[in-house]
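Comments concern the structure below.
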Amino acid sequence: MPLRLTSVSAELYRSIRRIQVPVERLTVLVGKNGVGKTNLYRSLELLAAAARGAITREIAEEGGFESVLWAGPRAKGPVRLKLGAEFGDYAYSIEIGLPAPIDEAALTATEPMVKSEELVHRTRGEALTLMKRQGPSAWLRDEDGRRQSYEEALIPSETALSGFRDQGRFTELDLVRRALLDWRFYHDFRTDKASPIRQPALAITTPTLASDGYDLAAALATVLEIRGEAPDIEAAIEDAFPGASLVTEFGKGTVSIGLKFPDLPRPLGVHELSDGTLHFLCLVAALSGYRLPAFIALNEPETSLHPDLTLPLARLIARAAERTQVWVVTHSEALAAALEIEAGVAPRVVVKQQGATWIEGLKLFGEFAEQE
Ligand SMILES: Nc1ncnc2c1ncn2[C@@H]1O[C@H](COP(=O)(O)OP(=O)(O)OP(=O)(O)O)[C@@H](O)[C@H]1O
Ligand SMILES: [Mg+2]
């Protein structure tokens, strides 16, 4: 049973000065352009990258530490970008910074490096640290509760979260890593004519759609062939394109899909579908796959969809949120309103306050006002 995410936090990441956001079964964030919705989504991606040990590389690829750092006023002293995820009683956090001018090993003075990490277990008001990393050294509590120290064991780009995998000795760290590794992120799907999504996919059983959607045909075919029935997929397609049905076709080691529309004698293959139709099929595969990841984050899923598809999309997301945790950021108020009707979850409004991303009704320490 994967851990259930209960809140995420970020500090000094782009437009986020400091925020802790409670995470529900379905979290819907709506807001105008530029308020920081994608930055919130991206901070979740960085947490998942920490579990793969790729967080500093991703920050470098994004333009480097200085570029992703909150550009507004900051306290004096060493600057740290902080991210955290809470899974019920377990809280993981990580801090990224630049090398100290002296005595810290890094390739360059601008290499983002992991400064510290922590995993804490809180019960009945008491906090027990299970893992603590400072620079290259870390200690972890083993299954007998004893601290195991690892001096000079980690390089700046490594995370303790990804690095310490000691079959069952550090069970809680394993659980948190596995939960984060399972997260899936869906932003843009390439729907241009040359997109690999429009090509046949390798016929490999695919329980979960890849973030880029390139295994779309395999993911849909997996539900149809392995499960033998796909009521969620059929319902979503009927909802969006009344009378249409999904068809699969196997080639030599490949699988293709198409849509059979009531008014056309032959099905249309993925190479013939419109951008919006293909985008919707990708969302169907992401949200009705054979196995849903423990957490799915969608960034502006309404992109390139006609308003007619808003309600079918909301129903698709609502059905997925019955099977797993879903996080949606959108600038479509229509989608947010439809989700409130379909899933009974009120959207949260993302705003900017003094240049910083904030959510209306959120209190400083990660609760919404009405939750009290
Ligand atoms: N280093 C930084 N420091 C402070 N603010 C930043 C930094 N980098 C980007 N921003 C701000 O973040 C905002 C962009 O955030 P983001 O892309 O998350 O917005 P969004 O809500 O997703 O918008 P859209 O609806 O247009 O996609 C911009 O207003 C930009 O000025
Ligand atoms: Mg955005």
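Values in this document were obtained by computation on a predicted structure and should not be read as measured data. For the numbers below, each heavy atom of this structure counts, side chains included, while hydrogens, waters and symmetry mates do not. In listed order, ligands and their atoms are each counted from 1.
Applying the side chain to side chain donor-acceptor pair (under 3.5 Å) rule to pairs touching residues 204-215 yields nothing, sequence neighbours excluded.
Contacts of ligand 1 (protein heavy-atom distance under 4.0 Å) are Arg14, Ser15, Lys32, Asn33, Gly34, Val35, Gly36, Lys37, Thr38, Asn39, Ser67, Leu69, Trp70, Ala71, Glu300, His331, Lys352.
For Glu143, the CD atom sits in a packed shell: over 12 heavy atoms of surrounding residues, nucleotides or ligands are nearer than 6.0 Å. A 6.0 Å sphere centred on CZ of Arg227 holds more than 12 heavy atoms belonging to other residues, nucleotides or ligands.
Using cut-offs of 30° and 60° on the angle between ring planes, the pair His279 and Phe189 is perpendicular.
Checked against ring-ring contact (aromatic ring centres under 6.0 Å, His included), Trp358 has no partners two or more places apart in sequence or in another chain.
Take a cut-off of 2.8 Å around the Mg ion (ligand 2): the protein N, O or S atoms inside it are Thr38 OG1, Glu300 OE2.
In the model, Glu249 has no side-chain atom that pairs as donor or acceptor with a side-chain atom of Ser256 under 3.5 Å. If you check the side chains of Gln134 and Ser116, you find no donor sitting under 3.5 Å from an acceptor. Side-chain atoms of Ser15 and Asn39 include a donor-acceptor pair closer than 3.5 Å.
Evaluated for a side chain to side chain contact (heavy atoms under 4.5 Å, CB included) with Glu172, the options Tyr92, Phe87, Tyr90 yield exactly one hit, Tyr90.
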